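Down below is the structure, laid out as structure tokens.
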Amino acid sequence: MNQDDLKRAVARAALDELVPGCVVGVGTGSTVDCFIDALAERASNHPGAISSSERSSARLRKAGIPVLGIDEALARGLPLPVYVDGADEIDGERRMIKGGGGALTREKIVASAFERFVCIVDASKRVERLGRFPLPVEVIPMASALVASRLRALGGQPVPRAGFVTDNGNHILDVAGLRIDDPEGLEARIGLWAGVVSVGLFAIAPATVVLVAGQDGVRRYA
Ligand code: 5RP
């Protein structure tokens, strides 16, 4: 199986994690695109989805799946059991680096609204230690140079993501070279800096369940 086959396999496996009758939380990325395509076949089982990006919202609507806002779901008292999203890296404690697609802020917001985070990845995303993938940090544009200088002081090499503006109108710094010994501590530390909107570390609130697609099938870790 090639990587696209693995993405499709793990996306389909995620359908078994969903709660029928409930709204589904939907992340962003190529693996999630496969999940949306699979979800479309079971669209009638779910009243709709809460999406983490304009990209996923457009794909959901095209698939005939209604897109709700968090405010609407809360006002209606709808249960929010399961959020499904991919990752750029995930370690053995289910901590992740996310934001390769630039949707990290909305992903963090939507994930936090749901009870369980089901992470869907192919085996290439599993790492012993986070940090090979450059860490995305979303910043308010006027703070970009200031935050970049602080990231350099931590030993990182921040590079502004060229020509990219997030759904929130902000910029992304992709930070290579960071030594991530304490993912939770680093997430909290960078997250407190003025001008930082979100850090692409998802360690303080890791995934609840990880589905990993490899050549020997889809494995589940919880
Ligand atoms: C987007 C993300 C994605 O989950 C991450 O980039 C993985 O994407 P893909 O499934 O395309 O490899 O965090 O902001």
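Whatever order the structure lists them in is the order used to number ligands and atoms, beginning at 1. For clarity, every value in this text was computed on a predicted model and none was experimentally measured.
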Inset, instruction - For T28 and S53, work out which heavy atoms get closest and say how close. - result: OG1-OG, 2.8 Å
Legend entry - Proximal protein residues to ligand 1, non-hydrogen atoms under 4.0 angstrom: T28, G29, S30, T31, D85, G86, A87, D88, K98, G99, G100, G101, G102, A103, E107, K125
Legend entry - Salt bridge flag under 4.0 Å for residues D122 and K7: no
Inset, instruction - Give, for atom CZ of F202 and atom SG of C119, the distance between the pair rounded to the nearest 0.5 Å. - result: 10.0 Å
Inset, instruction - May I ask you to list the residues sharing a hydrophobic cluster with L39, side-chain cutoff 4.5 Å, ordered by chain and number? - result: V10, L15, L18, V19, V24, V26, V32, F35, I36, L60, I65, V67, V82, V84, V118, I120, V209, L211, V218
Inset, instruction - Begin from the C-alpha positions of L154 and R179 and carry the test side chain to side chain contact (heavy atoms under 4.5 Å, CB included) through to its verdict. - result: CA-CA 9 Å; L154 282 186; R179 188 181 165 89; over 6 Å; no
Legend entry - R161, CZ: over 12 other non-hydrogen atoms inside 6.0 angstrom: yes
